[in-house]
Amino acid sequence: MAIKEYLTVREIVGPLLLVEEVEGAKYGELVEVQFPDGSIGMGNVLEVSTDKVLVQSFEDTRGLSIGSTRIRFKGRAMELPVSRDILGRVFDGLGNPIDGGPEIIPDRRLDINGNPINPYARDYPSDFIQTGVSAIDGLNPLVRGQKLPVFSASGLPHSRLAAQVARQSAVLGREEEFSVVFGAMGITFEEADYFINEFRKTAAIERSVLFMNLANDPAMERIATPRMALTAAEYLAFDLDMHVLVILTDMTYYCEALREVSAARKEVPGRRGYPGYLYTDLATLYERAGRIKGAKGSITQIPILTMPEDDKTHPIPDLTGYITEGQIILSRELHRRAVYPPIDVLPSLSRLKEKGIGEGKTREDHSNLSNQLFSAYARGKEAKELAVILGESALTEEDKQFARFSEEFEEQFIKQGEFENRTIDFTLALGWDLLKLLPRQELKRVKQDQIERYMKQSEE
């Protein structure tokens, strides 16, 4: 198909260009934008109306002039060249290599827009993924094919947690290939350098694909970056039969890029100025994770977002919570007390927890132990709050034991080293050890035979 070139740009507003007298353009079509100095930028078609086309530029539009800007329609959507050689490589947000390595010689070229998995074709998530982080594995487990976001806030160590999970994650009890696709949006150069070095230091880079969109890159590139990452993941999962963990950070910057485009298009804004289709747009990304009946591979997704003003009701975490299967919430209070990772286990939730744990997957006592730890920690927190109001003398002896349990739980179970990779057996044994701090008659959520078996084992 011949490439069509036009010199009919009539309006430039921010990243958007209005081109007239265009024939045969299609929504999502890839576009080349030639600047007056001869340099070439990329873009895509956002809207088509008779012979008028709205083009979104992925480059900064400063320096463009209406009379001398050339637009070329490529006749295809934006694509990512893929082969097994993408493993171990680092790309920019548009899929160009930035690690000094050669261009990818593709087996296929895939449209980055993809499609959400058909609900009828979905297989139910059921296999436990061990992250090596006790607060996740023990209480809010990640299950293969799940979408489990991390709700963080400015200044909290979500980048360190993301790198740790990427380094340590593995599907428990299976020998199939496991890989990580890491998509970063709007991060600083220091953060990008940190992620790349972390992957390389531990050799995790060999099973990983990294897409890096920096803060000084065009905001429009941010909209393409998660789609590039998910396209790479779909190839690895459903063409090469791998189990793929996709980590996307930071979804807040992605949503702000969407808001920027929406404002430039003069669309009627929704909540907090975000476009009314924010829910739909996020769903097109999150719903590309999962398992497909009859396919060996799978895509598990951990989107990370920073909540503006630590507000869980902000549109981004609010809508993300509706689409995904739970959330891991980071706590500023725990971070202030030097607890890493500062996971607030009480409001955190993994809706597929019961599907990925139990006999034959982790251990038969996992579910009951998790419920008992959760219950005891919640009661201990309540006792400590009561002590602040009424004084410690107002607490019963049992309340004091639960208060002490909550402190030890944070110091031993939640807190762990950044490079400490705990097995699920270690995590469960640690949980039983902590329960020794409580009166035996208060352990109402674990079975008596489990107490006899596992508490005795931990004493030995």
Side-chain angles (χ1 to χ4, degrees), residues 8-22 25-31 33 41-62 64 66 69 71 73 77-78 93 112-116 147 149 151 154 185-186 213 215 217-227 230 248 250-288 303 305-324 327:
T8 53
V9 176
R10 292 293 175 259
E11 191 176 353
I12 301 173
V13 180
L16 304 181
L17 297 86
L18 179 65
V19 190
E20 295 184 344
E21 301 173 28
V22 177
K26 298 176 183 176
Y27 173 78
E29 186 173 345
L30 190 63
V31 172
V33 181
M42 304 304 292
N44 68 348
V45 174
L46 271 187
E47 195 174 311
V48 180
S49 176
T50 58
D51 67 339
K52 295 181 177 64
V53 172
L54 192 65
V55 171
Q56 167 186 283
S57 172
F58 290 120
E59 315 293 333
D60 193 332
T61 54
R62 281 179 294 187
L64 285 179
I66 289 175
T69 299
I71 305 292
F73 292 85
M78 182 171 285
I112 68 164
N113 294 302
N115 288 301
K147 308 175 285 291
F151 289 3
S154 178
M185 295 155 278
N213 166 261
D217 288 332
M220 297 310 99
E221 185 179 303
R222 233 152 275 163
I223 295 174
T225 304
R227 292 175 169 82
L230 288 163
L248 300 174
D250 181 333
M251 292 303 295
T252 299
Y253 295 135
Y254 169 82
C255 294
E256 286 173 356
L258 272 185
R259 181 166 63 176
E260 185 177 324
V261 173
S262 177
R265 293 174 71 177
K266 299 182 175 64
E267 293 174 334
V268 177
R271 291 165 59 195
R272 304 273 186 108
Y274 292 94
Y277 51 81
L278 180 62
Y279 178 89
T280 306
D281 192 278
L282 288 173
T284 63
L285 298 179
Y286 297 148
E287 293 298 341
R288 289 172 74 174
L305 56 92
T306 49
M307 299 178 289
E309 302 170 357
D310 296 16
D311 181 11
K312 282 185 280 192
T313 66
H314 186 278
I316 302 170
D318 188 32
L319 297 177
T320 295
Y322 280 119
I323 303 166
T324 55
Q327 67 278 332

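Nearest approach of Glu59 to Pro218, heavy atoms of both residues: CA-CG, 3.8 Å. Annotation for Leu278 and Pro315: closest pair CD2-CB, 4.4 Å, computed over non-hydrogen atoms. The nearest pair of heavy atoms linking Val261 to Leu16 is O-CD1, 4.1 Å.
Without hydrogens or angle criteria, Arg222 side chain to Gly93 main chain gives no donor-acceptor distance under 3.5 Å. Under a 3.5 Å cut-off, the side chain of Thr8 and the backbone N or O of Glu20 do form a donor-acceptor pair. Judged by distance alone, the side chain of Thr61 and the main-chain N or O of Gly14 form a donor-acceptor pair under 3.5 Å. Side-chain atoms of Asn213 come within 3.5 Å of backbone N or O of Gly186 as a donor-acceptor pair.
No more than 12 heavy-atom neighbours from other residues, nucleotides or ligands sit within 6.0 angstrom of OH on Tyr253. Annotation: Tyr277, atom OH; neighbour count of heavy atoms from other residues, nucleotides and ligands within 6.0 Å is above 12.
Partners of Glu287 according to the salt bridge (Lys or Arg N to Asp or Glu O under 4.0 Å) rule, which considers only residues two or more places apart in sequence or in another chain, are Arg122, Lys147. Under the rule for a side-chain contact (heavy atoms from CB on, under 4.5 Å), the partners of Pro303 that lie at least two apart in sequence or sit in another chain are Pro149, Met251, Tyr286, Gln301.
A side-chain contact (heavy atoms from CB on, under 4.5 Å) with Met185 is found for one member of Asp250, Leu248, Thr252, Asp217 and no other, namely Leu248.
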Would you tabulate the side-chain donor-acceptor contacts of residues 45-53 under 3.5 Å, counting partners in other chains and residues two or more places apart, or write 'none'?
unit_1: Glu47; atom_1: OE1; unit_2: Arg265; atom_2: NH2; d: 2.8

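Ring pair His314/Phe151: centre-to-centre distance not below 6.0 Å.
The closest side-chain heavy-atom distance from Leu258 to Tyr274 is not below 4.5 Å.
We find that Asp311 and Arg272 are joined by a salt bridge, their nearest charged nitrogen and carboxylate oxygen being less than 4.0 Å apart. Taking 4.0 Å as the cut-off between side-chain N and carboxylate O, Asp281 and Arg259 do not count as a salt-bridged pair.
Distance check, rounded to the nearest 0.5 Å: OG1 of Thr284 to CG of Asn113 gives 8.5 Å.
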